[in-house]
Amino acid sequence: MIWLLATLVIFYSARAIAVRLKNPLINPLLISLLVLIPLLIWLKVPYDTYFGQNKIINYLLGPAVVALAYPLYEQLEQIKLKWKTIFTVCLIGSSLSMFIGASIACLMGLDMQLTASILPKSVTTPIAMAVSHQIGGIPAITAVMVIMAGLFGSVVGYPLLRALKIRPAIAKGLTMGTVSHALGTAKAAEESYQEGAFSSLALVICGVFTSILAPFILPIVFKLFGH
């Protein structure tokens with residue numbers, strides 16, 4: 001289980017650095033990837049070997065998403081008061097995320113299978129991979145795109161929100177959860193408990209909307225921009 005231990009040591013070391021430096025570019029997951037990937041390539045460690053030793057982390061992804069229900073419960077009164085706004089933001093955000101991502105893929109000349117793999121990139125990995133499989137994509141590629149979208153959002157999200165002078169916790173939380181799923185939610189939770197709660201809510205709602213709307217958005221995009 002040497003690679004499980006190595007992964008944990010590298011991640012928690014990166015997290016300690018991120019907490020100390022407090023720079024959005026110093027993201028624990030990004031640092032971990034930049035260390036682990038070259039190390040695995042240099043040592044010629046097969047993917048199956050690495051994944052096999054880290055299965056427990058993969059299994060914990062599902063329970064981690066479910067655990068996000070607790071902060072939601074604590075914000076239940078706020079959710080009841082603003083449910084129309086929340087659902088509208090999540091519907092528009094998830095629809096635009098799918099439409100724009102798939103449109104760019106089509107304009108770059110990618111076929112329908114690769115476009116379908118990119119389309120659900122902004123929801124959490126288990127949902128994104130299931131949606132990708134449902135609409136004819138390649139789940140492994142989708143998983144990579146989910147990580148890239150999450151990393152980009154967690155690094156750029158809060159500096160952009162500050163630049164735009166967006167201050168309400170509900171706005172920041174919903175934005176992070178809608179466009180950068182679990183990684184954005186983790187970053188939002190570091191900023192404030194309330195923002196993390198609204199981000200986790202957006203993560204769940206956008207996952208539902210993506211599951212429902214993806215089979216309809218993909219053919220529309222390919223009809224408009226496909227080759």
Side-chain angles (χ1 to χ4, degrees), residues 1-71 101 114 117-118 120-133 137-160 176-177 179-193 195-197 199-200 202-204 206-207:
M1 302 298 284
I2 187 172
W3 287 108
L4 173 60
L5 180 61
T7 301
L8 293 174
V9 169
I10 291 169
F11 176 79
Y12 281 105
S13 299
R15 182 173 172 78
I17 294 170
V19 170
R20 187 177 182 86
L21 297 180
K22 297 186 183 302
N23 187 310
L25 294 176
I26 309 299
N27 182 282
L29 181 57
L30 179 59
I31 295 173
S32 300
L33 290 174
L34 291 176
V35 173
L36 276 169
I37 292 174
L39 185 62
L40 291 169
I41 293 172
W42 180 52
L43 295 175
K44 298 181 180 179
V45 178
Y47 169 78
D48 290 340
T49 299
Y50 178 79
F51 182 78
Q53 293 188 20
N54 283 274
K55 276 185 178 179
I56 188 169
I57 297 177
N58 188 62
Y59 290 148
L60 289 173
L61 183 60
V65 173
V66 174
L68 294 172
Y70 182 73
L114 288 175
S117 304
I118 292 170
K121 63 180 174 22
S122 291
V123 294
T124 193
T125 305
I127 297 175
M129 293 179 71
V131 171
S132 175
H133 179 74
I138 303 170
I141 293 177
T142 303
V144 174
M145 298 306 299
V146 168
I147 293 172
M148 291 176 65
L151 275 173
F152 186 80
S154 62
V155 170
V156 175
Y158 272 96
L160 183 59
M176 295 299 289
V179 300
S180 51
H181 51 83
L183 294 178
T185 299
K187 182 63 178 176
E190 290 177 5
E191 296 289 325
S192 84
Y193 196 77
E195 289 173 30
S199 184
S200 62
L203 181 155
V204 174
C206 288

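The analysis underlying the following values was restricted to heavy atoms, covering all of them including side chains, and did not include hydrogens, waters or symmetry mates. Quick note: residue numbers are just sequence positions, from 1.
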Over 12 non-hydrogen atoms of neighbours within 6.0 angstrom of CD1 in Ile2
no

Is the backbone N or O of Met176 less than 3.5 Å from a side-chain atom of Ser180, with the two atoms forming a donor-acceptor pair by type?
yes

Before you tell me yes or no, could you show the steps for Phe11 and Ile57 under side chain to side chain contact (heavy atoms under 4.5 Å, CB included), namely the whole-Å CA-CA distance, both residues' side-chain angles and the distance that decides it to 0.1 Å?
CA-CA 12 Å; Phe11 176 79; Ile57 297 177; over 6 Å; no

OH of Tyr50: more than 12 outside heavy atoms within 6.0 angstrom?
yes

Please give me the minimum heavy-atom distance between Lys121 and Gly101, naming the atom from each residue.
CE-CA, 4.1 Å

For residues Gly207 and Ile127, report the shortest heavy-atom separation together with the two atoms involved.
O-CG2, 3.7 Å

Without swapping roles, check the side chain of Ser154 against the backbone of Leu183 for a donor-acceptor pair under 3.5 Å.
no

Roughly how far, to the nearest 0.5 Å, is the OG1 atom of Thr125 from the NE2 atom of His181?
6.0 Å

To the nearest 0.5 Å, how far apart are CG in Leu8 and CG in Asn54?
7.5 Å

Shortest non-hydrogen contact from Ser132 toward Pro139:
OG-N, 3.7 Å

What donor-acceptor contacts under 3.5 angstrom involve side-chain atoms of residues 30-41, with partners at least two apart or in another chain?
{"unit_1": "Ser32", "atom_1": "OG", "unit_2": "Pro28", "atom_2": "O", "d": "2.7"}

Can you see whether Tyr158 engages Glu190 through a side-chain donor-acceptor pair at a distance of less than 3.5 angstrom?
no

So if I apply the side-chain contact (heavy atoms from CB on, under 4.5 Å) rule between Thr124 and each of Pro126, Pro120, Ser122, which one comes out positive?
Pro126

Mind listing the closest non-hydrogen atom pair of Ser117 and Ile138 along with its distance?
OG-N, 2.7 Å

